[in-house]
Amino acid sequence: MPELLEVEAARTLVEALALNRPIAAVRAPDTWYLKRGLTPRAVRKALPGRRLTTARRRGKLLLVDTSGERSELAGAASVRGAGNPPRSECDQSAGPTIGLHLGMSGRVLIDGEAAGDPLLYASNRENVQWHRFIIEFADGGRLAMRDPRRLGAVELDPDEDRLGVDALELALPYLRSVVSRSRAPLKAVLMDQSRIAGLGNLLVDEALWRAGLDPARPAESLDAGEQVRLRRAIATTLRVLGRRGGSHTGDLMVARLPGGLCPKDGVALLRRTVGGRTTYSCPRHQL
DNA sequence: GATGACCTGTGA
DNA sequence: TCACAGGTCATC
């Protein structure tokens, strides 16, 4: 369920609470959670001694940069014997970038604090077994990835370019080029992270509902006016739902259930699979 | 571009 | 007991 808005909330949390605190240790109890060949040992080697310097976001990917220099930590694996030359990473101006994918039930906790409202479709009970990746700071605090469903992931130096333009930076000419070049269902194009990054199932349904566009329509069938409406609806959806507190605060959300009625004109909503995802839309005003 | 698998908590 | 939620990836 974390879509762009939830990841942005997590980013803000990291930025506010976790930067510039020396890392004492890293725990990755769930090996499965580490992706692209990353191992607990490699993480323990790469991060202790560094600080988190920047919290960025591209689409649904949370990126946390680390410092190049490593502070001395008594007993930490990074401490070398006297006279040893520093490791090559120590000479670089920046350390590795931590890539956090929240998957569908992941949250970032810092010193026990989480951003935003509890997630849907995910338990909100506490259970330390769900902490898949933990950064322990030298000051005793910690950053933890909590993910009951294990669909999230952690990697180092993720390939950021596999993601397209961030949905918050979506300009009309780019949207136009993306949409006009595909015969796929409009919804599938909007959810394709390599073209537009950040929109998930709920945000797309809400934006299309606001734009009055049928999710199943071939993307290329949109005329110029509809493209403008779509861009505005995406921007409005992100702004309004962002203020309200997340992807699940949309007007359509209350009706996302079998037999739900369109909040705009009271007609029974259509429920079907579009672009591989459960999709709700209004047969009356989404054309 | 569509489909199914991954994974597990939830609610019927 | 089982369908379902959904981001992402491999496979068709």
Side-chain angles (χ1 to χ4, degrees), chain A residues 1-11 29-38 57-63 99-108 116-133 145-155 158-164 166-167 178-208 215-221 241 246-250 252-260 269 271-280:
Chain A
M1 174 79 44
E3 303 184 28
L4 182 152
L5 296 173
E6 285 71 28
V7 181
E8 177 59 21
R11 191 200 66 77
D30 188 352
T31 308
W32 191 86
Y33 213 72
L34 303 176
K35 294 297 150 65
R36 287 209 336 187
L38 190 60
R57 181 189 57 75
R58 180 141 168 190
K60 304 171 193 171
L61 176 62
L62 179 55
L63 296 150
L100 302 175
H101 301 260
L102 301 189
M104 86 155 266
S105 62
R107 303 192 83 180
V108 172
D117 296 334
L119 291 173
L120 267 57
Y121 312 129
S123 171
N124 291 293
R125 286 182 293 120
E126 251 334 306
N127 187 338
V128 283
Q129 280 196 311
W130 294 336
H131 292 197
R132 313 290 178 190
F133 183 79
M145 273 275 288
R146 172 188 176 279
D147 185 2
R149 306 267 299 272
R150 300 175 81 205
L151 283 170
V154 173
E155 56 183 324
D159 173 19
E160 302 175 30
D161 292 327
R162 67 191 167 185
L163 297 169
D166 190 85
V178 160
V179 153
S180 63
R181 221 181 298 146
S182 173
R183 297 154 75 161
L186 182 53
K187 174 167 180 172
V189 173
L190 296 178
M191 294 222 309
D192 180 348
Q193 302 298 302
S194 70
R195 295 193 264 213
I196 300 170
L199 302 180
N201 199 32
L202 297 182
L203 288 177
V204 167
D205 272 11
E206 176 81 11
L208 290 174
R217 259 181 67 179
E220 63 173 7
S221 72
L241 274 55
S247 310
H248 57 290
T249 61
L252 188 61
M253 199 61 208
V254 296
R256 278 188 84 87
L257 69 174
L269 288 174
R271 179 190 192 273
R272 56 197 162 147
T273 299
V274 180
R277 309 242 71 104
T278 301
T279 300
Y280 287 85

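Throughout, a chain's letter reflects where its sequence line sits, starting with A, and its residues are numbered from 1. In this text, all values refer to a predicted model and were calculated from it rather than measured experimentally.
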Side-chain (Arg132(A)) to main-chain (Tyr33(A)) donor-acceptor, under 3.5 angstrom: no

Could you tell me whether the phosphate oxygens of [N], OP1 or OP2, come under 4.0 Å of any side-chain nitrogen or oxygen in [X]?
X: Lys60(A); N: dT8(C); result: yes
X: Arg271(A); N: dA5(C); result: yes
X: Ser105(A); N: dA5(C); result: no
X: Ser182(A); N: dG1(B); result: yes
X: Trp32(A); N: dC6(B); result: no

Residue closer to the 5' end of DNA chain B, Arg150(A) versus Arg181(A) (nearest nucleotide): Arg181(A)

Nearest-Å distance, [atom1] ([X]) to [atom2] ([N])?
X: Asp205(A); N: dG7(C); atom1: CG; atom2: P; answer: 10 Å
X: Asn201(A); N: dA5(C); atom1: CG; atom2: P; answer: 9 Å
X: Leu186(A); N: dG1(B); atom1: CG; atom2: C1'; answer: 15 Å
X: Arg36(A); N: dA10(C); atom1: CZ; atom2: P; answer: 12 Å
X: Arg132(A); N: dG7(C); atom1: CZ; atom2: P; answer: 18 Å
X: Leu257(A); N: dC4(C); atom1: CG; atom2: P; answer: 14 Å
X: His248(A); N: dA5(C); atom1: NE2; atom2: P; answer: 17 Å
X: Leu61(A); N: dT8(C); atom1: CG; atom2: P; answer: 9 Å

I want to verify a distance call: between [options], whose nearest atom is closest to the [X] side chain?
X: Gln193(A); options: dA2(B), dT8(C), dT8(B); result: dT8(C)
X: Arg195(A); options: dA5(C), dG1(B), dG7(C); result: dG1(B)
X: Thr278(A); options: dT8(C), dA5(C), dG7(C); result: dA5(C)

Heavy-atom side-chain proximity of Leu203(A) to Met191(A) below 4.5 angstrom: no

Close side-chain approach of Met145(A) to Leu62(A), heavy-atom, < 4.5 Å: no

Sugar-phosphate, base or nothing in reach of Arg277(A), heavy atoms under 4.0 Å: base

N-O pairing of Asp205(A) and Arg277(A) below 4.0 Å: no

Asp159(A) with Arg36(A): basic N within carboxylate O range, under 4.0 Å: no

